[in-house]
Amino acid sequence: MKREKIRVYIDESVDVRVAEGLKRRGIDAWSSKDAGKLGLTDEEQLKYAFEEKAIIFTHDDDFLGIAAKSNREHYGLIYVHQQKMSIGEYIRQIKNLVETKLVEEMRNRIVFL
């Protein structure tokens, strides 16, 4: 069985350099700016990430409530407070997660960095 790689969608609350850094390290990552999805509601962002079978990475704590709804399916959510880490640390932590977890392990899961 082929291991499906985790994809990472970067919400507009996160610096686009995170997506760029992940891409340079071979991770399938893109930002809401890349996708032309700036200005969507949080619900729409989460729906888009689900349609793309991607984890969403955000600083926006509103996503926590939306993703926690029992009827809301998602491919995973990574949340970290905006001032908690450097961009390089975000990239290292997400790269490690992508390399050590399976898509199925992340489905409907919320990860706090």
Side-chain angles (χ1 to χ4, degrees):
M1 183 172 145
K2 186 179 177 219
R3 180 187 161 135
E4 192 175 351
K5 291 200 175 212
I6 292 174
R7 306 175 75 216
V8 183
Y9 176 59
I10 310 295
D11 172 65
E12 65 187 76
S13 68
V14 177
D15 192 307
V16 295
R17 293 177 292 176
V18 174
E20 293 163 2
L22 288 168
K23 285 187 257 189
R24 282 194 302 275
R25 287 158 181 83
I27 306 298
D28 185 359
W30 71 101
S31 69
S32 54
K33 182 180 177 186
D34 296 332
K37 302 295 182 185
L38 294 175
L40 293 183
T41 66
D42 295 343
E43 284 272 359
E44 291 168 330
Q45 293 283 9
L46 199 59
K47 181 179 181 218
Y48 170 74
F50 181 76
E51 290 167 354
E52 293 294 321
K53 297 182 180 177
I55 287 176
I56 191 164
F57 175 52
T58 187
H59 295 307
D60 184 346
D61 59 8
D62 291 341
F63 278 94
L64 299 174
I66 296 166
K69 290 180 183 176
S70 60
N71 62 343
R72 169 53 81 182
E73 288 282 315
H74 57 87
Y75 278 89
L77 172 73
I78 302 169
Y79 172 81
V80 66
H81 187 275
Q82 193 163 3
Q83 264 67 56
K84 188 171 178 188
M85 298 178 199
S86 68
I87 289 171
E89 188 61 24
Y90 296 146
I91 292 167
R92 280 187 290 282
Q93 295 257 353
I94 294 169
K95 183 177 186 287
N96 181 58
L97 183 127
V98 167
E99 291 176 343
T100 60
K101 300 290 183 196
L102 299 172
V103 170
E104 300 78 38
E105 290 178 281
M106 293 304 301
R107 191 160 179 148
N108 297 321
R109 185 171 168 205
I110 299 172
V111 174
F112 296 88
L113 295 184

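Position 1 is the first residue of the sequence, and the numbers go up from there.
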Report yes or no: does Glu12 contribute a side-chain atom to a donor-acceptor pair with the main-chain N or O of Gly39 at less than 3.5 Å? yes
Taking Arg25 for its side chain and Lys95 for its backbone only, find out whether a donor-acceptor pair lies under 3.5 Å.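 Side chain of Arg25 to backbone of Lys95, a donor-acceptor pair under 3.5 Å: no, none is there.
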Taking the side chain as every heavy atom from C-beta outward, state whether [X] and [Y] have any atom pair closer than 4.5 Å.
| X | Y | value |
| --- | --- | --- |
| Lys53 | Val103 | no |
| Ile10 | Leu22 | yes |
| Leu46 | Asp42 | no |

Please evaluate residues Leu113 and Ile94 with respect to the criterion side chain to side chain contact (heavy atoms under 4.5 Å, CB included), reporting the C-alpha separation (whole Å), side-chain torsions for both, the decisive distance (0.1 Å), and the verdict. CA-CA 9 Å; Leu113 295 184; Ile94 294 169; 4.2 Å; yes
Return yes if a side-chain donor-acceptor contact under 3.5 Å exists between Thr58 and Asp60, otherwise no. no
In chain order, what residues pass the side-chain hydrogen bond (donor to acceptor under 3.5 Å, both in side chains) check against [X], with sequence neighbours excluded?
| X | value |
| --- | --- |
| Ser31 | Asp34 |
| Glu105 | none |
| Gln93 | Glu89 |
| Glu20 | none |

Would you call the rings of Tyr48 and Tyr9 parallel, tilted or perpendicular, taking 30° and 60° as the class edges?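 Rings of Tyr48 and Tyr9: perpendicular, over 60°.
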Listed partners of His59 passing ring-ring contact (aromatic ring centres under 6.0 Å, His included), at least two apart: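 Result, ring-ring contact (aromatic ring centres under 6.0 Å, His included) vs His59: Phe57, Tyr90.
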Using side chain to side chain contact (heavy atoms under 4.5 Å, CB included), reason through His74 and Asn108 one step at a time and then give a plain yes or no. CA-CA 5 Å; His74 57 87; Asn108 297 321; 3.9 Å; yes
Please report the shortest heavy-atom distance between Asp11 and Ser32, naming the atom on each side.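 Closest pair (atom of Asp11, atom of Ser32, distance): C-OG, 3.7 Å.
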Walk me through whether Val98 and Lys5 qualify under side chain to side chain contact (heavy atoms under 4.5 Å, CB included). CA-CA 7 Å; Val98 167; Lys5 291 200 175 212; 5.7 Å; no
For Phe50, check side chain to side chain contact (heavy atoms under 4.5 Å, CB included) against everything at least two apart and list the hits.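 Expected list: Glu73, Tyr75, Arg107.
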Quick test of your reading of the model: are Glu51 and Lys47 salt-bridged, counting only N-O distances below 4.0 Å? yes
Any chance you could lay out the side chain to side chain contact (heavy atoms under 4.5 Å, CB included) test for Arg92 and Met85, step after step, and finish with the verdict? CA-CA 11 Å; Arg92 280 187 290 282; Met85 298 178 199; over 6 Å; no
CG of Leu38 to CD of Gln45, rounded to nearest 0.5 Å, is 8.0 Å
